[in-house]
There are 2 protein chains.
Amino acid sequence: MSGVRAAKKEETRRAILKAAVELFGEKGFEGTSIEDLARAAGVGKGTVYGYFQDKNEIFLAFCEEEIDYAFAALAERSDSDAPLLEQLMTLFMTQFRYVTENREFGRHLVREMAFPRPVDAHKSKDLDARYLEAVGEILDRGKKRGELREGCDLFLTTVHFYSLYLVALSGFYSGYVDTAEEVEVSLRELLRQALEGLGAQSVRSEA
Amino acid sequence: MSGVRAAKKEETRRAILKAAVELFGEKGFEGTSIEDLARAAGVGKGTVYGYFQDKNEIFLAFCEEEIDYAFAALAERSDSDAPLLEQLMTLFMTQFRYVTENREFGRHLVREMAFPRPVDAHKSKDLDARYLEAVGEILDRGKKRGELREGCDLFLTTVHFYSLYLVALSGFYSGYVDTAEEVEVSLRELLRQALEGLGAQSVRSEA
DNA sequence: TCCCAAAGTCGACCGCGGTCGAGATTTGCG
DNA sequence: CGCAAATCTCGACCGCGGTCGACTTTGGGA
């Protein structure tokens, strides 16, 4: 039976992840040691590394599970008939509130997602993709309703809006804005800028 | 003479920083240990912590020195009469090429600048400020020449363009774009989007 | 000049993330 | 079933960043 070993492997993996959910939530990422996780999962320290390449990979796996909740919360609040800008704000602010619920957790996540180490690039790209996809869907609907310019590269447009979310997070972590409310005000203005354009009127008529 | 001690302190600080410039450049940030720095600077390991709070602070001090070169290189290439978009491209691409010259160095820097730990927030804000200032100056000139909309909040506009630079770096580190040339193409398009606006024409005329 | 409090120096030490090879366990085959 | 090869488990071990308290140096007032 080759299934015995495989089942056990999966079981152990889940045990480690469960320990991660508990301990990361309780003591934070940096406050939780690999040995803590191993002990809680009932395995030896070295065994952990048979399931995850490094601590970051555990974190990202943890995030993938957690982020589901954020998207679930989003599904409740989102209104696919609302104006484009409002839909984006709902998406971004829901994610913002969730991600910054624990400051350290959010910082680590956004660092990994925006500027991953090569080792973690694949995992973090998966997470990135979920965000970009969510933005892309909103833009798709917006485009069909004529809220977006014709002829805009949809991917780059997606990236554009996503970048404004990133910089909002950056402002939060750099101390330019302290509360979710302030972030909301700034982010809305940034999105408005993106939609209306920053160049003088003459520039547009040339296009 | 209280100056003797102060002079020695400054001398030691410089020695550590000099060691950092050499060793970080040679073996990278993570490849250089505090003990390496201490030995190269001719002091004990513990002494280093009398001059810098942690390894990151050494890194940021190192960056402040290094970034001067990047801005110096920029001064040569920049043309304050060129179109706004070209000036921004020159700024961003000069910085991009410099910062990503060593991949790990650039990743660490941009992580610290965009999403700093509270301990390093002040230092990283100094660096941020230099970038924002540089962008702000370009926008100032652009605004005076009528290349920018009237009534735009200048700071938020600065942040907007800066965010597109950040996301370009993010794309590079996430593996969406591999070379400086590809980054240049994408970034230029993003800037163009920002200037012309992403919303449909009707949105603009309402404004 | 002497003396002692204050400031500075140092490396042993701690807990961490990650490695490694010895030993235990499972698997597939005759 | 027997047994060897393949796989998995584990904690001692390494080097790291950072701390700490014992030790040395400095400087100004009596």
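As a basis for the values below, the full set of heavy atoms in this structure was taken, side chains included, without hydrogen atoms, waters or symmetry mates. Order of the sequence lines fixes the chain letters, A, B, ..., with proteins taken first and strands second; residue numbering starts at 1 for each chain.
- Aromatic ring centres of A:Phe62 and A:Phe52: separated by at least 6.0 Å.
- Ion pair A:Lys125/A:Asp128 not flagged as a salt bridge, since none of the NZ, NE, NH1 or NH2 atoms sits closer than 4.0 Å to an Asp/Glu carboxylate oxygen.
- A ring-centre distance under 6.0 Å is found for A:Phe96 and A:Phe172.
- B:Tyr165 meets the ring pair (Phe, Tyr, Trp, His ring centres under 6.0 Å) test with B:Phe92; sequence neighbours excluded.
- Formation of a donor-acceptor pair under 3.5 Å by the A:Gln87 side chain with backbone atoms of A:Ser80 is found in this model.
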Q.
Under the criterion salt bridge (Lys or Arg N to Asp or Glu O under 4.0 Å), I'd like the reasoning laid out for A:Glu112 against A:Arg117: C-alpha separation, chi angles, the key distance, then a yes or no.
A. CA-CA 7 Å; A:Glu112 287 301 319; A:Arg117 287 189 176 74; 3.6 Å; yes
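- At its two ends the helix from C:dT1-D:dA30 to C:dG30-D:dC1 runs along axes set 20° apart, each axis drawn from five pairs and the angle rounded to 10°.
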With sugar-phosphate taken as primed atoms, P, OP1 and OP2 and all else as base, the protein-contact string of nucleotides 9-19 of chain C at under 4.0 Å (heavy atoms; B, S, -) is SBB----SBBB
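- Here the side chain of B:Arg145 pairs a donor or acceptor atom with the backbone of B:Asp81 at under 3.5 angstrom.
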